[in-house]
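Everything below concerns the one structure shown next.
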Amino acid sequence: MDERAYDVVVVGAGPTGENVADRVKRGGLSVAVVEKELVGGECSYWACIPSKALLRPAAALDAARGVAGARQAVTGVLDAGEVLRRRDGFVSGRVDTGQVDWLRGAGIDLVRGRGRLTGPRRVEVEDPTGARTVLTARHAVALCTGSVPVLPDIAGLAETRPWTSREATEAEKVPESLVVIGGGVVACELAWAWRSLGARVRLLVRGERLLARNEPFAGEHVRRAMEEAGLDVVTRAEVREAVRDDAGQVTVGYTTPEGEASVTAAQLLVATGRRPATGGVGLETVGLDPSAPIEVGDDCRVDGVEGGWLYAVGDVNGRALLTHMGKYQARACGDAIAARARGEAADPAPWSRWSATADHRAVPQVVFTEPEVAAVGLTEEAARAAGMDVRAVDYDLGSVAGATLYADGYRGHARMVVDERRRVVVGCTLVGPGVGELIHAATVAVVGEVPLERLWHAVPSFPTVSEVWLRLLETYGL
Ligand SMILES: Cc1cc2nc3c(=O)[nH]c(=O)nc-3n(C[C@H](O)[C@H](O)[C@H](O)COP(=O)(O)OP(=O)(O)OC[C@H]3O[C@@H](n4cnc5c(N)ncnc54)[C@H](O)[C@@H]3O)c2cc1C
Ligand SMILES: NC(=O)c1ccc[n+]([C@@H]2O[C@H](COP(=O)([O-])OP(=O)(O)OC[C@H]3O[C@@H](n4cnc5c(N)ncnc54)[C@H](O)[C@@H]3O)[C@@H](O)[C@H]2O)c1
């Protein structure tokens, strides 16, 4: 068996693994990345990139339709074939040559195959032909294996061969109709995308509202827009069973407080969450329980491993399932590995460069529905649950001058959550067309713990939608 030694071995070449490898290489260490599928990971080929490519044309069309004068120039509907072709361009035919070239250029070795820990600092890789290579790591192994979709235990569901986010982002044809189980980000974005391309869509949501992790008004705005677009949203729906008939149609039976109901469609998408991809990675060979979540510190070093050489970074540690947060963790972790290899302690104290501190209080996220939902930090409810004395300040985004210019009849809402003891912003949620590009200002305020009195001097330009900051501060009482 081929055996090679490196300073660092990274398992998984998604955005997280690529960034860990990049940082340790910049830190002067040799590094190999193991990848079983495509360099670039889920994000590049079946998640962020193709889903946003599917959603962007509808947003562009809505933007034009929202402005008198431009509206009259838009007389047709989306060209679904062109949208799918554009999406295909972004995933490069699911060939990873470009990303492999980047790895090579950065001096990072790629080992294709499935990686598995077989003991301390040891990773065995099996390639598709069955050939095995052993990689040993002088300093660290970083598991960056991502996450996999969860299929709930519903009678008949697996036999219907439902779409997960993979099939829903790579489909080559618009289904005539689609049932979606779930009310989170994947469900909302992909329901919206396929509706915009012409599918009849029904969303079956178990809870009371869409996007339940966000401020309640976020889901309410999105639901209203969906219903206006002819998308059917059923809340408090408990799915009982699913069956696909000989003609290929899927029927899903569900129960609501009003009674039993069913829906038949050409396709079914299950979007009920994701779990860390820890299956078969050999955690038991290094003394960890493979059925338990991997516990890590803020430098992503795994707790309970003798010698402290194992790290778990990105989706696999379950801290914040977002590409930008995986990359952020990768920068902290990669720099910590490189510093420790130089003999430095690299203490992951809060806000040090070796700590992913923002994971706890300042995770930004944009949901690319129409309206968009952009949020960072804590919701009012989460802040109260954390024991903070907070005040939520609300403002109708549609009455900001910049918003009225941006779109006729602009509808949106903003909430700023203020920690009253420290008089700093701990959370912000914006809902409305184009708000995704506004959220970074809030992220800076939250991470910087900027006192409101100083924030007052951050003057937003007139007439931009960002003037909502002035209005929020005035509403607060400044
Ligand atoms: C539909 C959808 C849309 C999304 N949209 C967004 C978005 O707009 N913005 C955002 O920030 N996040 C988004 N996300 C989340 C984002 O995709 C993930 O947070 C991100 O991909 C995590 O990166 P990662 O590198 O940790 O894992 P992944 O991207 O999953 O990469 C893990 C890699 O490890 C490889 N691997 C796994 N096991 C092994 C093994 N044993 N050996 C070798 N290789 C292995 C896999 O093949 C894969 O390439 C979306 C997710 C979904 C499902
Ligand atoms: N734009 C973005 O940033 C973006 C886009 C897509 C995905 N993501 C990330 O991917 C991750 C996964 O997204 P997701 O939407 O799959 O997960 P999620 O956890 O956000 O939502 C899961 C949904 O499924 C429902 N659900 C769970 N079990 C169910 C069951 N048995 N029956 C019916 N409904 C059930 C939940 O109530 C919830 O509505 C998220 O953490 C998100 O951060 C991000």
Side-chain angles (χ1 to χ4, degrees), residues 10-20 33-52 54-55 96 99 111-117 123-126 143-154 157 164-166 168-169 180-190 193 203-214 219 235 237-240 254 269-282 312-330 363-369 372-375 436:
V10 176
V11 184
T16 304
E18 287 179 326
N19 278 273
V20 173
V33 177
V34 183
E35 175 53 53
K36 71 174 169 57
E37 260 181 308
L38 293 173
V39 176
E42 202 72 15
C43 172
S44 301
Y45 303 100
W46 297 280
C48 326
I49 298 297
S51 61
K52 267 75 256 181
L54 287 173
L55 286 157
D96 61 3
Q99 309 247 21
V111 182
R112 296 249 188 216
R114 182 180 290 273
R116 182 175 183 279
L117 290 163
V123 174
E124 198 172 294
V125 186
E126 184 177 347
L143 291 178
C144 306
T145 51
S147 60
V148 289
V150 175
L151 270 202
D153 188 14
I154 291 169
L157 184 66
T164 65
S165 49
R166 276 209 165 190
T169 50
V180 181
I181 305 177
V185 196
V186 171
C188 287
E189 286 188 344
L190 292 174
L203 208 50
L204 299 177
V205 185
R206 188 172 57 175
E208 300 270 340
R209 58 177 210 253
L210 298 174
L211 302 173
R213 286 173 220 241
N214 289 85
T235 48
E238 203 60 58
V239 177
R240 288 178 279 106
Y254 58 94
L269 164 62
V270 179
T272 49
R274 300 180 69 82
R275 64 177 167 72
T278 51
V281 295
V313 202
D315 273 20
V316 73
N317 65 31
R319 283 164 70 105
L321 279 71
L322 292 163
T323 291
H324 44 277
M325 298 315 286
K327 286 161 49 178
Y328 164 68
Q329 291 173 12
V363 175
Q365 179 168 26
V366 177
V367 184
F368 292 83
T369 43
E372 291 178 351
V373 175

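Nothing fancy with the numbering, it's 1 onward along the sequence. Whatever order the structure lists ligands and atoms in, that order sets their numbers, starting from 1.
Near G14, with a cut-off below 4.0 Å to any heavy atom, the atoms of ligand 1 are 25 (O), 31 (O), 33 (C). In the vicinity of R274, heavy-atom distances shorter than 4.0 Å reach the ligand 2 atoms 12 (C). Listed by atom number, the atoms of ligand 1 under 4.0 Å from S51 heavy atoms are 3 (C).
Looking only at atom types and distance, the side chain of N317 has a donor-acceptor partner in the side chain of Q329 under 3.5 Å away. Side chains of S44 and Q99: a donor-acceptor N/O pair is present below 3.5 angstrom, by distance only.
In terms of polar-atom proximity, defined here as any N/O pair under 3.5 Å, E189 does make such a contact with ligand 2. Checked by distance only, ligand 1 and E35 come closer than 3.5 Å through their nitrogen or oxygen atoms. Looking at ligand 1, you won't find any N or O of S165 less than 3.5 Å from one of its N or O atoms. Looking at ligand 1, you'll find an N or O of G115 within less than 3.5 Å of one of its N or O atoms. Residue-to-ligand polar distances place L322 within reach of ligand 1: an N/O pair is separated by less than 3.5 Å. Considering backbone and side-chain atoms together, G183 places an N or O closer than 3.5 Å to an N or O of ligand 2. Ligand 2 has an N or O atom lying under 3.5 Å from an N or O atom of V185, backbone or side chain. Considering backbone and side-chain N/O of K36, one or more are found under 3.5 Å from N/O of ligand 1. Residue R114 has no nitrogen or oxygen atom sitting less than 3.5 Å from a nitrogen or oxygen atom of ligand 1, judged on distance alone.
Here H324 has no heavy atoms under 4.0 Å from ligand 2, in either its backbone or its side chain. Of the heavy atoms in V11, only side-chain atoms (C-beta onward) come closer than 4.0 Å to ligand 1. Contacts of P152 with ligand 2, taken as heavy-atom pairs under 4.0 Å, involve the side chain alone. With a 4.0 Å cut-off on non-hydrogen atoms, L321 touches ligand 1 through its backbone and not its side chain. Proximity of R274 to ligand 1, defined as any heavy-atom pair under 4.0 Å, is confined to the side chain (atoms from C-beta onward). Counting heavy atoms closer than 4.0 Å to ligand 1, residue K52 contributes side-chain atoms (C-beta onward) but none from N, CA, C or O. Looking at V366 against ligand 2, only its backbone comes within 4.0 Å, counting heavy atoms. The residue S44 has no part lying near ligand 1, judged by heavy-atom distances below 4.0 Å.
E35 places a side-chain N or O within donor-acceptor distance of the main-chain N or O of A13, the cut-off being under 3.5 Å. Using modelled atom types, no side-chain atom of S147 and backbone atom of P276 make a donor-acceptor pair closer than 3.5 Å. When atom types are taken as modelled, the side chain of T272 and the backbone of V150 share a donor-acceptor pair closer than 3.5 angstrom.
Here the heavy atom of the protein found nearest to atom 20 (C) of ligand 1 is T323 OG1, 3.4 Å. The protein heavy-atom contact nearest to atom 24 (O) of ligand 2 is T272 CA, 3.2 Å. Looking only at protein heavy atoms, the nearest one to atom 43 (O) of ligand 2 is L321 O, 3.1 Å. Of all protein heavy atoms, the one closest to atom 17 (O) of ligand 2 is G273 CA, 3.3 Å. Among all protein heavy atoms, the one lying closest to atom 19 (O) of ligand 2 is R213 NH2, 2.4 Å. For atom 3 (O) of ligand 2, the closest non-hydrogen atom on the protein side is Q365 NE2, 2.9 Å. Annotation: atom 19 (O) of ligand 1 to nearest protein heavy atom, D315 OD1, 2.8 Å. Considering only non-hydrogen protein atoms, atom 26 (O) of ligand 1 sits nearest to T16 OG1, 2.9 Å. The protein heavy atom nearest to atom 28 (N) of ligand 2 is R206 NH2, 3.3 Å. Looking from atom 13 (O) of ligand 2 to the surrounding protein, the closest heavy atom is V186 CG2, 3.4 Å.
Salt bridge K52/E372: absent, no basic N to carboxylate O contact under 4.0 Å. Of the charged side-chain nitrogens involved, none lies within less than 4.0 Å of a carboxylate oxygen, so that K36 and E126 do not count as a salt-bridged pair. The existence of a salt bridge linking D96 and R112 is confirmed by a sub-4.0 Å separation between a basic side-chain nitrogen and an acidic carboxylate oxygen.
Taking a 4.0 Å cut-off on heavy atoms, L322 registers as neighbouring ligand 2. Proximity of E238 to ligand 2 is not established, as no heavy-atom distance is less than 4.0 Å. For G207, the closest heavy-atom approach to ligand 2 does not fall below 4.0 Å. Residue P50 places every heavy atom at 4.0 Å or more from ligand 1.
Nearest-heavy-atom check against atom 38 (C) of ligand 2 across A271, A47, G184, S165 picks out G184. Scanning A277, G280, C48 for the heavy atom closest to atom 7 (C) of ligand 1 points to C48. Considering S51, G182, A212, P149 only, the shortest heavy-atom separation from atom 25 (C) of ligand 2 involves G182. Scanning G113, G17, C144 for the heavy atom closest to atom 32 (C) of ligand 1 points to C144. Taking each of P15, A320, A47 in turn, the one with a heavy atom nearest to atom 2 (C) of ligand 1 proves to be A47. With E37, R116, E42 as candidates, the residue nearest to atom 28 (P) of ligand 1 on a non-hydrogen basis is E42.
Counting heavy-atom neighbours within 6.0 Å of R116 CZ, excluding the residue itself, gives a total above 12. Taking a 6.0 Å sphere around CZ of R213, one finds it holds 12 or fewer heavy atoms contributed by other residues, nucleotides or ligands.
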Does the salt bridge (charged side-chain N to carboxylate O under 4.0 Å, His left out) test come out yes or no for R166 and E42, once each step is laid out? CA-CA 8 Å; R166 276 209 165 190; E42 202 72 15; 2.8 Å; yes
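The side-chain heavy atoms of V180 and L190, taken from C-beta on, include no pair separated by under 4.5 Å. V11 is listed as a side-chain neighbour of V123, based on a closest heavy-atom distance under 4.5 Å.
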